[in-house]
Protein chains: 2
Amino acid sequence: MGLAKTEMFTNQQNEIALFAKVFGHPARVSILQHLFKIDSCVCGDLVSEIGLAQPTISQHLKELRHLGLIKGNVEGTSVCYCINTENWTKMKETMLQFLNQDISTKEDCC
Amino acid sequence: MGLAKTEMFTNQQNEIALFAKVFGHPARVSILQHLFKIDSCVCGDLVSEIGLAQPTISQHLKELRHLGLIKGNVEGTSVCYCINTENWTKMKETMLQFLNQDISTKEDCC
DNA sequence: TTAAATAATTGCAATATTACGATAAATGTC
DNA sequence: GACATTTATCGTAATATTGCAATTATTTAA
């Protein structure tokens, strides 16, 4: 199949999975880290920064944009990308809720 | 292709992507949440809990086990699963480092 | 208008993922 | 041993992902 049966899970579970999925490729992790590192927008130097072809980077950027984690603005012939801070914060809350599940009450029974 | 070019990324970037990938399916998110929720090990009631077939759940458990996030112990004819708390904590540190990247210095330039 | 620069889209090949029926393996019970 | 219970593995079909060459916008400069 290759198709997740999303209808049997909660919205929260599907949302977590969607965010996680987009982080599930090192190129997208790298793009995001780069956007965080530099203190301004990136105007299309991601292709030279990361070693992938231009259509490949463009595709990864599209996925990040569709999830709302980055914003892109046309500036002349190039496009300026940066983190969508508001949505990043929202995403972070969702992911932290998942990652910070209470572990203290568990005894190591296995 | 379908194959990520991991050699062009840092170990940290690949590690983040691997963890994120395993969270990238709602069934695995659901399994983990269930293992956290109950205060003891789960002895194979995950199949009835989640609505997927037994081989499918078994496959998802395998992936979680291979990443070290859960432990499984044979108890009679069934297997007892629980969170690997030590590895979960390590994973969390890696993911938090990624999620908590400093956003404060960014002006919304796009 | 033509050409250059840059990014998006299309099309496609290679590989990965998901799901599950069928089967096998492991253990416990009689 | 024969059988039941439970989980893992195998095989396979359907779909998704990744990467890039080729092409198509889109905008700027000359």
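The chains referred to below are lettered A, B, ... by the order of the sequence lines, with proteins before strands, and numbering in each begins at 1.
Evaluation of the salt bridge (Lys or Arg N to Asp or Glu O under 4.0 Å) test over residues 10-20 of chain B, restricted to residues two or more places apart or in two chains, returns none.
Toward the 5′ end of DNA chain D lies the nearest nucleotide of Ala4(A), the other residue of the pair Ala4(B) and Ala4(A) mapping further downstream. Both Arg65(A) and Thr6(A) lie close to DNA chain C; mapped to their nearest nucleotides by heavy-atom distance, the more 5′-ward contact belongs to Arg65(A). With DNA chain D read from its 5' end, the first of the two nearest nucleotides for His25(A) and Val74(A) is the one closest to His25(A).
Contact check of residues 47-64 of chain B against DNA chain C (heavy atom, cut-off under 4.0 Å) returns Leu52(B), Ala53(B), Pro55(B), Thr56(B), Gln59(B), His60(B), Glu63(B).
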**Item:** Evaluation steps, side-chain contact (heavy atoms from CB on, under 4.5 Å), between Ile50(B) and His34(B)
**Value:** CA-CA 10 Å; Ile50(B) 302 169; His34(B) 190 67; 6.0 Å; no
**Prompt:** Run the side chain to side chain donor-acceptor pair (under 3.5 Å) check on Gln33(B) and Gln101(A) step by step: do they pass?
**Reply:** CA-CA 8 Å; Gln33(B) 285 181 330; Gln101(A) 284 171 94; 4.9 Å; no
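Counting heavy atoms from C-beta on, the side chains of Val47(B) and Leu52(B) never come closer than 4.5 Å. Contact check for Leu18(A) versus Asn14(A): no side-chain heavy atoms found under the 4.5 Å cut-off. The shortest distance between side-chain heavy atoms of Arg65(A) and Asn84(A) does not fall below 4.5 Å.
One atom, CD1 of Ile31(A), and another, P of dT18(D), lie 11 Å apart when rounded to the nearest Å. At whole-Å resolution of the value, CZ in Phe23(B) and P in dT17(C) are 16 Å apart. In this entry the distance linking CG of Asp45(B) with P of dT6(D) reads 11 Å, nearest Å. Between the CZ atom of Arg28(B) and the P atom of dA16(C) there is a distance of 15 Å, rounded to whole Å. Between the NZ atom of Lys71(B) and the P atom of dT7(D) there is a distance of 19 Å, rounded to whole Å. One atom, CD of Glu75(A), and another, P of dA8(C), lie 13 Å apart when rounded to the nearest Å. The CD1-P distance, from Ile70(B) to dT7(D), rounds to 13 Å in whole Å. When the P atom of dT18(C) is taken as reference, atom CG of Asn14(A) falls 13 Å away, rounded to whole Å.
Checked by atom type and distance alone, the side chain of Glu93(B) never pairs as donor or acceptor with a backbone atom of Lys90(B) at under 3.5 Å.
A sub-4.0 Å separation between OP1 or OP2 of dA16(D) and a side-chain N or O of Lys21(A) is absent.
The nucleotide whose nearest atom lies closest to any side-chain atom of Leu3(B) is, among dA16(C), dT15(D), dT18(D), dA16(C). Across dA7(C), dA16(D), dT17(C), the shortest atom-to-atom separation from the side chain of Tyr81(A) is found for dA7(C).
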**Request:** Using Watson-Crick or G-U wobble pairs with both distances under 3.5 Å, give me DNA chain D in dot-bracket, 5' to 3', with [ ] for crossers and | for pairs to another strand.
**Result:** ||||||||||||||||||||||||||||||
Heteroatom pairs (N/O) under 3.5 angstrom, protein to nucleotides 3-6 of chain C:
none

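In this structure Phe98(A) satisfies the ring-ring contact (aromatic ring centres under 6.0 Å, His included) test together with Phe23(B), Trp88(B), sequence neighbours excluded. Judged as a side chain to side chain contact (heavy atoms under 4.5 Å, CB included), and not counting sequence neighbours, the contacts of Val22(A) are Arg28(A), Glu63(A), Leu64(A), Leu67(A), Leu69(A).
Residue Lys92(A) holds its NZ atom at 12.0 Å from CG of Leu99(A), rounded to the nearest 0.5 Å.
Classified by interplanar angle (parallel below 30°, tilted 30° to 60°, perpendicular above 60°), the ring pair His25(A)/His60(A) is tilted.
For Asn11(A), the CG atom is loosely surrounded, since the number of other residues' heavy atoms within 6.0 Å does not exceed 12.
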